[in-house]
Amino acid sequence: MSKPSIPQGTRDFSPAEVRRRRYILDTLQALFELYGFAPLETPSMENLVTLTGKYGEEGDRLIFKILNNGLHEKKEDDKAKLNAEWDKLLSRPYSTPVVTERALRYDLTIPFARYVVMHQSELSFPFRRYQMQPVWRADRPQKGRYREFWQCDADVVGSTSLINEAELLGIYRSAFAKLQIPVTIKINSRKLLAALAELCGMPDKMMDITVALDKLDKIGWVGVAKELQERGITDEGIWQIEKVINVTGTNDEKLLAYSDIMQNSPAGIAGINELSKTLAYYRELGFRNWGSGAENWEPRTDNILVDISLARGLNYYTGVIVEVVCSHPDVKMGSIGGGGRYDDLTGLFGLKGLSGVGISFGIDRIYDVLEELKAFPEQLAEGTVAMLVNFGGENEIYALHILSQLRTAGIAAEIYPDPAKFDKQMKYANKRAISYVLLPGDEERLQGKVSLKNFISGQQQLLSVEECIKMIKS
RNA sequence: GAGGUUGUAGCUCAGCAGGUUAGAGCAUCAGAUUGUGGUUCUGAGGGUCGAGGGUUCGAGCCCCUUUAGCCUCCCCA
């Protein structure tokens with residue numbers, strides 16, 4: 001027999017881990033609901049054609065494909081068909097429909113777009129939904145990167161108002177305040193990146209500029225300039241870009257400076273307006289009491305930063321884009337959330353002119369950050385609160401009755417199922433970190449009582465079941 | 001796709017310059033202790049040293065091949 005193992009890039013979650021993960025998910029879910037978003041779930045697998053071509057060249061490669069059923073039934077016809085496809089397979093590493101026509105979900109946005117198009121007649125727009133489900137990528141796993149991981153998205157489709165952007169930023173603000181993670185929310189607009197390309201006189205080079213610029217905080221300006229040169233940007237263009245990224249100051253000051261530099265670019269002006277309007281809405285969203293003054297803001301741990309070097313990989317974003325990073329100095333972690341506006345997402349599936357904007361939480365990374373900051377609430381560890389020792393015989397039945405009463409009172413309780421040695425039962429309770437142990441033995445049963453032992457203090461007393469319940473609950 | 005690194009008991013790892021029968025801690029089980037846990041003490045079980053080949057009188061250690069995990073780059077969450 002071989003050693004048991006799990007596929008590369010997947011993980012088991014222990015009871016303690018599941019509790020902590022649920023804490024994150026529950027926190028986010030409560031906020032999504034509070035902000036008026038509706039839950040949605042889609043299948044783990046989609047038709048392959050739904051997914052291919054949506055995530056860029058690299059993306060197609062990283063889709064997990066599912067082998068078609070029935071390939072093992074070696075009918076002569078099928079064999080012939082398979083052989084015919086084999087050559088195609090060899091010449092092109094991509095799959096043919098004979099071998100695979102389904103694939104595992106790669107993200108939550110495309111399935112959402114597919115859902116919206118399929119159910120457009122039933123939905124009322126603007127449609128706000130949230131979705132928390134696992135996704136799969138055939139990527140090479142590394143630290144903080146898995147082949148199976150959870151995404152947690154909230155999107156609005158069917159509205160171009162920047163209030164949506166501001167609301168989503170508000171969710172970020174509330175969420176990270178609740179989770180007690182200090183964050184920087186970087187914000188930019190694809191339109192500014194387009195304007196930047198115009199400024200260089202090379203509007204068709206926007207993607208190249210974007211990709212290079214995205215690495216600014218990693219490789220510095222010198223590295224970026226080098227990459228820009230390799231990507232065929234002229235020296236004049238590079239100089240223009242340098243001028244823009246060298247702008248410093250508050251968000252307002254930056255936007256003001258950009259509007260000066262980009263005054264001849266319609267895209268640039270549009271982008272700047274987009275950002276300043278979003279930020280203005282966002283400010284107003286933080287108020288608690290109308291008209292009671294600036295002191296009454298929602299508590300927050302975030303800091304919003306206009307950052308023109310922010311790019312984000314996905315190529316369907318068209319307007320505002322955001323990315324969240326933990327700003328605690330001890331935490332070295334990539335982005336823990338991101339999102340943006342896509343003007344025509346559902347157009348891919350034939351429904352034109354529907355604009356959407358969404359955000360995503362990287363809950364695996366949020367988990368790691370909380371772990372590092374030791375910011376998980378203490379009481380999450382608690383499972384079973386009380387355990388009944390099993391003394392066998394009549395005592396066993398007596399114990400079951402007590403067990404039932406404890407549970408009715410809302411106390412998480414269990415009985416040791418076997419009348420094992422006392423010592424063994426106590427050790428079990430200790431290892432499980434159970435706070436109370438109840439001893440229903442002969443002496444106790446005859447008095448209609450039970451001994452309650454507090455496993456933290458070690459103290460023990462003889463009580464009625466009602467008194468026990470009271471004691472445990474206090 | 002490119003590179004680096006590791007693989008020895010269920011888990012975490014030792015292992016001398018190639019030299020008898022491969023070790024420790026934790027975990028498991030049993031006992032000191034059939035109604036009092038955490039920290040003790042005693043004992044026991046458990047290994048094709050990732051796999052295959054080669055060098056050698058002799059390989060866990062050296063060489064080749066292979067495989068799996070982890071990490072870095074690319075890209076991303």
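Convention: sequence-line order gives letters A, B, ...; per-chain numbering from 1. Keep in mind that what you see is a predicted model, and the values were worked out from it rather than measured.
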Next on the checklist: Tell me the closest heavy-atom pair linking A:I434 and A:Y436, and the distance in Å.
Outcome noted: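 For A:I434 versus A:Y436, the nearest heavy atoms are CG2-O, 3.3 Å.
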Options [options], nucleotide nearest the side-chain atoms of [X]:
X	options	answer
A:R140	B:G35, B:C29, B:G1	B:G1
A:F391	B:C76, B:G35, B:G37	B:G35
A:F422	B:U28, B:G35, B:G69	B:G35

Checklist entry - Should B:U42 form a Watson-Crick or G-U wobble pair with both distances under 3.5 Å, which nucleotide is its partner? => result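 In the structure as shown, B:U42 has B:A30 as its Watson-Crick or wobble partner.
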Checklist entry - Taking any strand in view, what nucleotide pairs with B:C61 in a Watson-Crick or G-U wobble way, both distances under 3.5 Å? => result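 B:C61 is unpaired by these criteria.
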With heavy atoms under 4.0 Å as the rule, sort [X] into base, sugar-phosphate or nothing.
X	answer
A:D423	sugar-phosphate
A:Y146	base
A:E444	base

May I ask you to verify whether the side chain of [X] and the base of [N] hold a donor-acceptor pair under 3.5 Å?
X	N	result
A:R145	B:C75	yes
A:Q425	B:G35	no
A:K421	B:U34	no
A:N430	B:G37	yes

Checklist entry - Counting just side-chain N and O atoms, does A:Q142 come under 4.0 Å of either OP1 or OP2 of B:C71? => result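 So the side chain of A:Q142 is outside the cut-off, no N or O lying under 4.0 Å from OP1 or OP2 of B:C71.
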Checklist entry - A:F13 ring centre to A:R21 NZ or CZ under 6.0 Å, with the angle to the axis within 45°? => result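 Yes, cation above the ring, under 6.0 Å and within 45°.
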Next on the checklist: With a 6.0 Å cut-off on the ring centroids, do A:F361 and A:F176 count as close?
Outcome noted: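 Yes - the distance between ring centres of A:F361 and A:F176 falls below the 6.0 Å cut-off.
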Next on the checklist: Closer than 4.0 angstrom, basic N to acidic O: yes or no for A:K449 and A:E443?
Outcome noted: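 No salt bridge links A:K449 with A:E443.
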